[in-house]
Amino acid sequence: MSNIKFRYIVRHKASGNIETKHYFLSQIEERPLKELSPAFLADYELLSRDQYTGLRDKNGVEVYEGDVLDCNGGIAVVFYSKRFVSYKLHFYSPFEQEQPFYFWDLEGFVIGNVYENPELLEVSADD
């Protein structure tokens, strides 16, 4: 069985700097997060904890929940659907829609995530 992987996105409260940390579940279970990195101390705010989907984009980049993908010119966000027990894409366009995706047809590529790049989800009135 492969080890489950998580991405933590944290913001330093004083400076506003955003940091990204990656840990396997086995590392998290071995010791408290605050012992893994100073980013888990009181000086930081947790923005997101995202699970790795097990997929890579067309450039080989790991895809996590909350990632923003460029899919043939359309912008989509990865999210977990409890209803379908799978990862899905939510497309941002004048016609917002959701659809499941599978590793064999993931033609998009990661261009950011919703926490560090919220501007990627802005849809202009001209679209």
Side-chain angles (χ1 to χ4, degrees):
M1 177 170 107
S2 63
N3 203 345
I4 299 170
K5 192 173 185 180
F6 293 92
R7 173 182 69 195
Y8 289 83
I9 301 175
V10 296
R11 179 179 17 232
H12 189 263
K13 291 178 182 177
S15 69
N17 291 339
I18 294 177
E19 296 180 29
T20 303
K21 306 290 182 187
H22 295 88
Y23 296 104
F24 288 101
L25 181 58
S26 60
Q27 292 174 291
I28 297 167
E29 291 176 335
E30 287 175 4
R31 64 181 68 90
L33 284 174
K34 64 183 178 183
E35 292 180 15
L36 288 174
S37 170
F40 297 107
L41 298 175
D43 295 342
Y44 289 82
E45 169 189 11
L46 177 64
L47 298 178
S48 175
R49 178 184 53 241
D50 307 306
Q51 188 171 342
Y52 174 47
T53 64
L55 306 176
R56 292 180 181 266
D57 71 4
K58 70 178 189 178
N59 295 326
V61 175
E62 293 179 342
V63 178
Y64 287 81
E65 292 176 89
D67 278 347
V68 179
L69 281 71
D70 181 324
C71 299
N72 298 323
I75 300 298
V77 175
V78 178
F79 72 99
Y80 184 78
S81 169
K82 290 181 183 178
R83 180 177 175 200
F84 296 105
V85 193
S86 67
Y87 290 97
K88 295 179 78 173
L89 295 177
H90 180 92
F91 285 90
Y92 284 80
S93 68
F95 311 102
E96 289 194 12
Q97 59 182 345
E98 296 174 3
Q99 72 180 47
F101 69 100
Y102 306 97
F103 71 91
W104 57 82
D105 65 0
L106 184 60
E107 296 180 10
F109 55 94
V110 176
I111 57 174
N113 63 64
V114 297
Y115 307 99
E116 295 175 286
N117 315 100
E119 71 280 0
L120 294 173
L121 302 183
E122 295 174 7
V123 178
S124 72
D126 299 333
D127 289 346

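Side chains included, hydrogens not; waters and symmetry mates left out as well; all remaining heavy atoms used.
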Side chain to side chain donor-acceptor pair (under 3.5 Å) partners of residues 30-43, not counting sequence neighbours, each pair once = none
Contact summary for [X] and [Y], nearest pair of heavy atoms:
X     : Y     : value
Ile75 : Asp70 : CD1-CA, 4.5 Å
Ala39 : Val10 : CB-CG2, 3.7 Å
Leu33 : Phe40 : O-CD1, 3.3 Å

Report the distance from atom [atom1] of [X] to atom [atom2] of [Y], rounding to the nearest 0.5 Å.
X     : Y      : atom1 : atom2 : value
Lys58 : Phe109 : NZ    : CZ    : 5.5 Å
Thr20 : Leu47  : OG1   : CG    : 9.0 Å
Arg56 : Glu62  : CZ    : CD    : 4.5 Å
Ser15 : Tyr44  : OG    : OH    : 7.0 Å

Assess the pair Tyr23 and Phe6: is the distance between their ring centroids shorter than 6.0 Å?
-> no
Does the gap between the ring centers of Tyr52 and His22 come in under 6.0 Å?
-> no
Quick note, salt bridge (charged side-chain N to carboxylate O under 4.0 Å, His left out) partners involving residues 108-118, not counting sequence neighbours, are none
What pairs meet the salt bridge (charged side-chain N to carboxylate O under 4.0 Å, His left out) rule with one or both residues in residues 7-23, with sequence neighbours excluded?
-> Arg7-Asp50, Arg7-Asp67, Arg11-Glu45, Glu19-Lys21
Give a yes or no on whether Leu25 and Leu36 share a hydrophobic cluster (residues Ile, Leu, Val, Met, Phe, Trp, Tyr; joining criterion: side-chain heavy atoms under 4.5 Å apart).
-> yes
Do Phe24 and Ile4 share a hydrophobic cluster (ILVMFWY, side-chain heavy atoms under 4.5 Å, transitive)?
-> no
Any Tyr8 side-chain heavy atom under 4.5 Å of Ile28 side chain = yes
Output yes when a side-chain donor or acceptor of [X] lies under 3.5 Å from a complementary backbone atom of [Y], and no otherwise.
X      : Y      : result
Asp57  : Val110 : yes
Thr53  : Val63  : yes
Asn113 : Tyr115 : yes

From CA spacing to verdict: side-chain contact (heavy atoms from CB on, under 4.5 Å), Leu69, Val78 = CA-CA 8 Å; Leu69 281 71; Val78 178; 3.4 Å; yes
